[in-house]
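This report refers to the structure that appears directly beneath it.
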Amino acid sequence: QVQLVESGGGLVQAGGSLRLSCAASGRTFTTYTMAWFRQAPGKERDFVGCITRSAGKTVSRDYADSVKGRFTIFMDNVKNTVYLQMNSLKPEDTAVYYCAVGQLLGGRSWTLYAYWGQGTQVTVSS
């Protein structure tokens, strides 16, 4: 129905930047939210941020306090790809990052999202 393929993870130094990509294919929704979550070893899956789109327009964005001002989510609706631009990276940002999509207007709980990418590892060295 919906397939999400992630890319862009890797190893960076503290203070550096990475851009993660999540390419979507399959069924297209008129209104949806694409979100990013992350999970470090032994930790719970945490909300990073999300973008809500309706009728081809971005209507809202939401970010966790831990990344606000450093991370930005944006969408290329031609490529049907959502991006997570990560700047000023910190070692505590190290985690597997997952993108997800749901037919909803936003939400911070991972249980709300029906479709998930495979995850991509981000490692930030000090």
Side-chain angles (χ1 to χ4, degrees):
Q1 296 183 27
V2 177
Q3 297 82 43
L4 303 176
V5 179
E6 301 181 37
S7 62
L11 174 65
V12 297
Q13 295 180 345
S17 298
L18 278 177
R19 180 179 291 180
L20 306 184
S21 300
C22 178
S25 62
R27 177 169 171 78
T28 301
F29 303 130
T30 301
T31 300
Y32 61 92
T33 296
M34 297 194 74
W36 290 91
F37 293 81
R38 65 187 183 185
Q39 189 165 24
K43 303 291 186 179
E44 295 183 345
R45 189 181 308 178
D46 290 332
F47 174 80
V48 176
C50 66
I51 182 169
T52 299
R53 303 270 295 181
S54 184
K57 300 186 298 182
T58 297
V59 297
S60 66
R61 291 181 175 89
D62 188 27
Y63 299 97
D65 288 343
S66 59
V67 306
K68 191 172 296 182
R70 299 189 297 121
F71 292 9
T72 303
I73 297 171
F74 61 97
M75 178 79 181
D76 184 335
N77 60 5
V78 175
K79 297 181 178 180
N80 212 22
T81 299
V82 66
Y83 301 91
L84 179 65
Q85 179 66 47
M86 304 184 292
N87 299 325
S88 301
L89 282 162
K90 305 174 181 179
E92 50 263 45
D93 295 318
T94 296
V96 177
Y97 283 70
Y98 299 91
C99 66
V101 64
Q103 195 172 1
L104 41 79
L105 293 175
R108 295 188 168 194
S109 175
W110 65 271
T111 63
L112 299 173
Y113 295 87
Y115 304 99
W116 290 83
Q118 82 280 11
T120 185
Q121 176 71 47
V122 172
T123 302
V124 184
S125 63
S126 60

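Everything numeric in this text was worked out from a predicted model, so none of it was measured. Note that the numbering runs from 1 along the sequence shown for the chain.
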Who passes salt bridge (charged side-chain N to carboxylate O under 4.0 Å, His left out) against Arg45, sequence neighbours left out? none

Could you work out, with side chain to side chain contact (heavy atoms under 4.5 Å, CB included) as the rule, every residue matching Ala23, not counting sequence neighbours? Thr81

What residues form a side-chain hydrogen bond (donor to acceptor under 3.5 Å, both in side chains) with Gln3, not counting sequence neighbours? Ser25

May I ask you to check whether Gln1 and Tyr115 show a side-chain donor-acceptor distance below 3.5 Å? yes

Set of side chain to side chain contact (heavy atoms under 4.5 Å, CB included) partners for Val122, sequence neighbours left out: Leu18, Leu20, Met86, Tyr97, Val124

Pick one: which of Thr72, Ile73, Val59, Asp62 meets side chain to side chain contact (heavy atoms under 4.5 Å, CB included) with Ile51? Ile73

Would you say Val2 and Met34 are hydrophobically clustered, going by side-chain heavy atoms of ILVMFWY under 4.5 Å? yes

My understanding is that only residues two or more places apart in sequence, or in another chain, count here; which of them pass side chain to side chain contact (heavy atoms under 4.5 Å, CB included) with Asp46? Glu44

Which pairs with one or both residues in residues 39-69 pass ring-ring contact (aromatic ring centres under 6.0 Å, His included), sequence neighbours excluded? Phe37-Phe47

Side chain to side chain contact (heavy atoms under 4.5 Å, CB included) partners for Asn87, two or more places apart: Ser17, Gln85

With Arg70 via salt bridge (charged side-chain N to carboxylate O under 4.0 Å, His left out) - residues at least two apart: Asp93

Going by side-chain heavy atoms closer than 4.5 Å, which hydrophobic residues are tied to Tyr83, directly or by a chain of links? Phe74

Please, which pairs that meet disulfide (SG to SG under 2.5 Å) have at least one residue in residues 8-81, sequence neighbours excluded? Cys22-Cys99

Do Leu4 and Tyr98 have side-chain heavy atoms sitting under 4.5 Å apart? no

Can you list, by chain and residue number, the hydrophobic cluster partners of Val78 when the side-chain cut-off is 4.5 Å? none

Go through the structure and list residues passing salt bridge (charged side-chain N to carboxylate O under 4.0 Å, His left out) with Arg53, not counting sequence neighbours. none

Within this structure, what is the OG1-CG distance for the pair Thr52 and Leu104, rounded to the nearest 0.5 Å? 7.0 Å

